[in-house]
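Below, each value reflects all heavy atoms present in this structure, side chains not excepted, and no hydrogens, waters or symmetry copies.
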Amino acid sequence: MQRLTKSLRFLPAGTGKSPLQALLLRNGYFPTPTPASTSYSTSEPVEMSFEMYQGAGQPTHPPLITMHGLFGSKQNWRGISRALTSKIPRKIYAVDARNHGESPHSSDHTSRAMSEDIRLFLEQHQAPKAACLGHSMGGRAMMFFARKYPELVERLIVVDISPVSVPRGTEEMKHIFEAMLDLNLSPSLTLSEGRKIARESLMDATDDGTVDFVMLNLRKDPQTGAFFWACNAPVLRDFLTRFEDYRTKIDELPPYTGPTTFICGSHSSYMRLREHWPEILEMFPEAEIHWLDAGHLVHFEQPHEFISIVTKFLN
């Protein structure tokens with residue numbers, strides 16, 4: 001995030017928004033404000049909200065499903081998805097993971113639960129199999145899905161995340177969620193006023209770049225004026241420690257032997273090649289890896305190179 005923040009300092013000012021907010025807004029990354037999602041208390045699969053993209057021709061390959069990372073949404077993949085429509089003969093579905101965006105909220109937030117959501121999504125869209133792409137949290141969900149349901153996965157793309165471990169301790173993430181949950185904004189405030197106050201509060205918990213990304217979740221109900229977080233902050237906070245249990249759960253599953261590529265940022269700490277790659281090859285024996293000059297948000301910082309790698313892999 002620090003590299004991303006530094007690179008954005010040279011963008012034009014005067015928009016009333018931070019550089020990251022301005023650039024995301026210009027690319028259609030800010031979701032339309034909507035009331036809080038329906039909440040489920042069971043571990044049943046949820047019907048994920050999605051956007052579908054398709055080029056002029058008829059698709060000749062299985063669809064591509066993309067899933068964002070923590071605090072993200074399907075809008076984060078709008079620009080990439082649009083660009084890919086002219087390059088790959090596939091339908092492209094960008095989904096909101098459970099407890100994010102416009103998808104239902106649930107009291108269960110594990111990679112196992114998210115993989116069941118993906119299975120249900122394929123079933124509802126009558127897709128025998130799909131190419132699966134996931135970033136960070138979404139990447140871990142897609143890896144779990146590929147190992148649990150290999151017959152449903154044509155090929156797998158994992159963006160800047162390792163199945164072995166994660167670098168950021170849950171304590172910092174917990175501080176971010178606590179700051180989000182402690183926020184109390186008056187309905188009389190405008191959205192811009194509320195965002196300014198929220199941003200100042202979150203700055204005590206993390207760095208500029210992370211705050212800007214989290215701020216994409218702040219919404220205001222057009223009817224009541226109430227502010228709310230699009231992501232299910234209480235549940236995500238409570239499941240933070242479960243993120244560290246991922247390796248134990250995925251090791252219970254057989255390796256995924258289909259085509260797999262990892263696309264990672266050379267300035268990110270989420271993939272430690274020397275430590276992780278031998279173990280990753282045991283889980284994904286056909287895996288390859290690409291490094292881009294980027295941090296954790298690889299697809300955002302190096303979109304052209306990212307699209308080129310994805311296109312070649314999918315075609």
After noting the C-alpha distance and the side-chain angles of L183 and L185, does the key distance pass the side-chain contact (heavy atoms from CB on, under 4.5 Å) rule? CA-CA 6 Å; L183 196 64; L185 298 174; 3.7 Å; yes

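- Side-chain atoms of Y256 do not come within 3.5 Å of backbone N or O of M143 as any donor-acceptor pair.
- When the side chain to side chain donor-acceptor pair (under 3.5 Å) test is applied to E305, no partner is found at least two apart in sequence or on another chain.
- Counting heavy atoms from C-beta outward, R247 and M283 have side chains that approach closer than 4.5 Å.
- Taking the six-membered ring for Trp and the full ring otherwise, H296 and H267 have centroids separated by 6.0 Å or more.
- Proximity of the aromatic rings of H109 and H100 is defined here by a centroid distance below 6.0 angstrom, and this criterion is met.
- Heavy-atom neighbours of Q58 CD from other residues, nucleotides or ligands within 6.0 Å: at or below the threshold of 12.
- At distances below 3.5 Å, at least one donor-acceptor pair connects side-chain atoms of R155 with backbone N or O atoms of F313.
- For N217 (side chain) and V214 (main-chain N/O), a donor-acceptor pair under 3.5 Å exists by modelled atom type.
- Residues K249 and F144 meet the side-chain proximity criterion, which asks for heavy atoms closer than 4.5 Å.
- Side-chain contact between P89 and P59 is absent, with no heavy atoms from C-beta onward closer than 4.5 Å.
- Distance check, rounded to the nearest 0.5 Å: NE2 of H135 to CE of M142 gives 13.0 Å.
- The aromatic ring centres of W291 and F262 sit 6.0 Å or more apart.
- Classification of E123 and R119 as a salt-bridged pair holds, one side-chain N sitting under 4.0 Å from a carboxylate O.
- Contacts of S115 classified as side chain to side chain donor-acceptor pair (under 3.5 Å), with partners at least two apart in sequence or in another chain: none.
- Hydrophobic cluster membership differs between L70 and L181, with clusters built from Ile, Leu, Val, Met, Phe, Trp and Tyr side chains linked at under 4.5 angstrom.
- When side chains are defined from C-beta on, S186 counts as touching L189, because their heavy atoms get closer than 4.5 Å.
- Closest of all the heavy-atom pairs between L156 and A146 is CD2-CB, 4.0 Å.
- Side-chain contact annotation: H304 with Q302, donor-acceptor N/O pair under 3.5 Å absent.
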For a side-chain contact (heavy atoms from CB on, under 4.5 Å) check, start with the C-alpha distance between L133 and M67, then their side-chain angles and the critical distance, and finish with the verdict. CA-CA 6 Å; L133 183 158; M67 182 178 285; over 6 Å; no

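- Surrounding CG of N184 are at most 12 heavy atoms belonging to other residues, nucleotides or ligands under 6.0 Å away.
- Listed for the D117 side chain is no donor-acceptor partner under 3.5 Å among the backbone atoms of P45.
- Between the side chains of H175 and T206, no donor-acceptor pair of N or O atoms lies under 3.5 Å.
- With no hydrogens or angles considered, a side-chain donor-acceptor pair links S165 and R272 at under 3.5 Å.
- Closest approach of S107 to F239, counting heavy atoms only: O-CE1, 3.0 Å.
- The side-chain heavy atoms of C231 and L236, taken from C-beta on, include a pair separated by under 4.5 Å.
- At a threshold of 4.0 Å, the pair E252-R112 counts as salt-bridged, since one of the basic side-chain nitrogens sits closer than that to a carboxylate oxygen.
- Each of V158, D160, I289, I157 was evaluated against I263; a single residue qualifies, I157, per the side chain to side chain contact (heavy atoms under 4.5 Å, CB included) test.
- What you find for S106 and V235 is that their closest heavy atoms are O-CG1, 3.4 Å.
- One finds no salt bridge joining R98 and E116 here, because no Lys/Arg side-chain nitrogen approaches an Asp/Glu carboxylate oxygen to under 4.0 Å.
- Side-chain atoms of R147 come within 3.5 Å of backbone N or O of P254 as a donor-acceptor pair.
- Residues H68 and N76 have side chains that never bring a donor and an acceptor to within less than 3.5 angstrom of each other.
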Report the C-alpha separation of K220 and R195 in whole Å, then their side-chain angles, then the decisive distance to 0.1 Å, and conclude whether the side-chain contact (heavy atoms from CB on, under 4.5 Å) test is met. CA-CA 10 Å; K220 183 177 173 66; R195 279 182 174 152; over 6 Å; no

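- Geometric assessment of R219 against the ring of F227 yields a negative cation-pi assignment under the 6.0 Å and 45° thresholds.
- Put simply, the side chain of S103 gets close to the backbone of S49: a donor and an acceptor are under 3.5 Å apart.
- Using a 4.5 Å heavy-atom cutoff, the side chains of Y149 and I118 are not in contact.
- Without hydrogens or angle criteria, E154 side chain to P62 main chain gives no donor-acceptor distance under 3.5 Å.
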Between I65 and I92, does the side-chain contact (heavy atoms from CB on, under 4.5 Å) criterion hold? Intermediate values first, please. CA-CA 6 Å; I65 301 178; I92 302 169; over 6 Å; no

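- Residue-environment remark: CD (E47) stays at or below the threshold of 12 foreign heavy atoms within 6.0 Å.
- Checked against the 6.0 Å centroid criterion, the rings of F121 and F145 do not qualify as a close aromatic pair.
- One finds the CG atom of L120 at 9.5 Å from the NE2 atom of H125 (value rounded to the nearest 0.5 Å).
- To the nearest 0.5 Å, the span separating OG on S73 from CD on E51 amounts to 8.5 Å.
- Here CD1 of I161 is found 9.0 Å from SG of C264. Values are rounded to the nearest 0.5 Å.
- The ring of F50 has its center closer than 6.0 angstrom to the ring center of Y93.
- The CE atom of M180 sits 8.5 Å away from atom CG of L218, with the distance rounded to the nearest 0.5 Å.
- Residue D108 comes nearest to A113 through the heavy atom pair OD2-CB, 3.7 Å, listed as atom of the first residue, atom of the second, then distance.
- Taking every heavy atom of both residues into account, A287 and L281 meet most closely at O-CD2, 3.9 Å.
- Atom CD1 of I88 and atom CG of L314 lie 5.0 Å apart (nearest 0.5 Å).
- A heavy-atom distance below 4.5 Å is found between the side chains of F71 and M173.
- A donor-acceptor contact shorter than 3.5 Å is absent between the side chain of T311 and the backbone of K87.
- Between the side chain of R140 and the backbone N or O of S162, at least one donor-acceptor pair lies under 3.5 Å.
- The two residues P187 and A226 have their closest heavy-atom pair at CB-N, 4.2 Å.
- No hydrogens or angles considered: nothing links the side chains of T260 and E286 as a donor-acceptor pair under 3.5 Å.
- The shortest distance between side-chain heavy atoms of F284 and P255 does not fall below 4.5 Å.
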